[in-house]
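Have a look at the structure below, then the notes.
Note that these values count all heavy atoms, side chains included, but never hydrogens, waters or copies made by symmetry. Both counts, for ligands and for their atoms, begin at 1 and track the order of listing.
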Amino acid sequence: MKIISSPSEINHLCNNLKLEGKTIGLVPTMGALHDGHLSLIKRAKKENEICIVSVFVNPTQFNNAKDLETYPRDLNKDATLLETVSCDYLFAPKADEIYSEEEKNTTFKFDFQGLDKVMEGPRRPGHFNGVVQIVSKLFTLIQPHKAYFGEKDFQQVAIIRLMTQTMKFDIEICPCPILRAENGLALSSRNELLTENEKQIATNIFHVLNESKTKTDKLSVKELINWVENELNAIQPLQVEYYEIVDGTTLQPISSWNETNDIVGCITVYCGNVRLIDNIRYK
Ligand code: PAF
C-alpha cells in the first residue's frame, strides 16, 4: 500500500489510473479505523480495481473544539490495518495541504434543501457544510467511480447523495449497513472514548431500538418516541439528545406509521461525555 499526503499527487495518480481504464473505489474516513470501516473497504476492493482510503480528521466539520481535540487519531495503526485488507492507496493529507488560506477564512455554504433542518443539522451548526466541503474536495481530487459510506451516519449519506446530484459528480454513492459488535453496539471510532463499563451500557441503545420495532402496532409514532427516550434515560449515564422517526428519503419527521413505506428512527445519545449515534429501520 502506498501512502500519499499531497493532494496534487493523488490527483495526478487518479488521472493516470482513469486513463488506464481502472475503476476506483473511495472510502472516505476520519481514521481510528475499526471493523465497520474494514467492511466498507472490503466491499470497495471487491467492486473496483483500485481501492483508495482517505484518512483526514476534517476540522471544518467540528463545531466543538474539544470534540476535534479529543477525536481519536493513530495513523500508523490505521495504515497497518489497511495493509491487512490489501488497500491500494492511503490518502492522508494535512489540513494545510487540503485547505487554502482563503478557504480557512471563509465558511463553505451548500443548499441542503431542508436536509440539514432536522436531527444533527440544528444541533451541530456548520457540521454538514464541513462534510460537504471535504467530501466534494475528495471527489474532485480522486474522481472515484464509487464511494462508500456507513449508514450509521444516516443523515450524512442522504446529504452526500444530494451533493453528488447537485454538484453533478459522476460517482455512485454506496451506502453500507451498520456493523455491530456481537453485543449490538454500533461500531464507531468514538467507541474508543468509552470505558469498558460505558461500552457495555451503550449496548442498550441498540437493544431498546430493536425492541421498539415490536411496538409499532400498539404505540403511535409520538408514543414510541417517548417510550424509547424514557427507556434509555432511565439507564445511567445515558442521556438521549434526540430520537426522531423520519421518512428515510426526505428525513422529515413522520406522524403516523402509514404515512410512508420508508421509515427510519435516528437517535443521538450521550453515554457520559461521549456522543453516540445509531438508527433503526421500521420499514
Ligand atoms: O463519516 C465520516 O467519517 C466523515 O464525516 C467523512 C465522510 C469522512 C468526511 O470527513
Side-chain angles (χ1 to χ4, degrees), residues 5 7 10 24-41 43-44 51-64 67-75 77-78 81-82 87 89-95 97-99 103-104 107-108 110 112 115-116 119-121 123-142 144 146-164 167 169 171-179 186-193 251 266 268 274-279:
S5 75
I10 195 89
I24 302 174
L26 170 67
V27 183
T29 81
M30 296 209 297
L33 301 178
H34 50 68
D35 286 349
H37 294 114
L38 297 188
S39 71
L40 270 59
I41 296 161
R43 183 168 158 201
C51 170
I52 301 179
V53 174
S54 62
V55 169
F56 180 63
V57 181
N58 173 35
T60 67
Q61 70 185 76
F62 285 80
N63 58 315
N64 177 325
D67 195 19
L68 173 61
E69 193 194 309
T70 56
Y71 199 84
R73 296 169 170 86
D74 191 340
L75 190 60
K77 194 171 159 204
D78 288 342
L81 259 181
L82 288 173
C87 170
Y89 296 95
L90 163 57
F91 177 49
K94 302 261 178 307
E97 296 171 292
I98 279 286
Y99 294 123
E103 282 170 323
K104 280 186 208 156
T107 311
F108 181 87
F110 178 74
F112 294 94
L115 291 182
D116 62 333
M119 304 191 284
E120 295 294 290
R123 286 155 181 116
R124 302 177 76 186
H127 168 67
F128 286 123
N129 272 310
V131 170
V132 168
Q133 183 179 31
I134 187 62
V135 175
S136 60
K137 207 172 255 284
L138 292 169
F139 281 6
T140 305
L141 287 172
I142 294 171
K146 296 185 180 196
Y148 299 80
F149 297 89
E151 278 186 326
K152 183 169 71 63
D153 297 293
F154 193 79
Q155 190 170 10
Q156 172 171 279
V157 175
I159 283 173
I160 287 170
R161 222 187 248 122
L162 173 73
M163 176 205 87
T164 306
M167 292 188 174
F169 285 112
I171 296 169
E172 184 184 337
I173 302 304
C174 306
C176 303
I178 299 179
L179 211 73
L187 297 191
S188 162
S189 304
R190 286 173 199 270
N191 295 353
E192 280 189 29
L193 303 172
L251 304 187
C266 298
T268 290
V274 185
R275 193 173 185 274
L276 300 172
I277 68 174
D278 203 340
N279 60 72

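Counting only distance, with no hydrogens or angles, the side chain of Asp35 and the backbone of Leu38 share no donor-acceptor pair below 3.5 Å. Formation of a donor-acceptor pair under 3.5 Å by the Asn63 side chain with backbone atoms of His127 is not found in this model. Distance alone, capped at 3.5 Å, places no donor-acceptor pair between the Ser54 side chain and the Phe91 backbone. In this structure, Asp78 contributes its side chain and Leu90 its backbone to no donor-acceptor pair below 3.5 Å. With Gln155 contributing its side chain and Glu120 its backbone, the two residues share a donor-acceptor pair below 3.5 Å.
Under the 6.0 Å cut-off for aromatic ring centres, Phe112 and Phe110 qualify, their centroids lying closer than that.
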So what's ligand 1 close to, N/O to N/O, under 3.5 Å?
unit_1   : atom_1 : unit_2 : atom_2 : d
ligand 1 : 1 (O)  : Gln156 : NE2    : 2.8
ligand 1 : 5 (O)  : Gln61  : NE2    : 2.9
ligand 1 : 5 (O)  : Gln156 : OE1    : 2.7
ligand 1 : 10 (O) : Gln61  : OE1    : 2.6

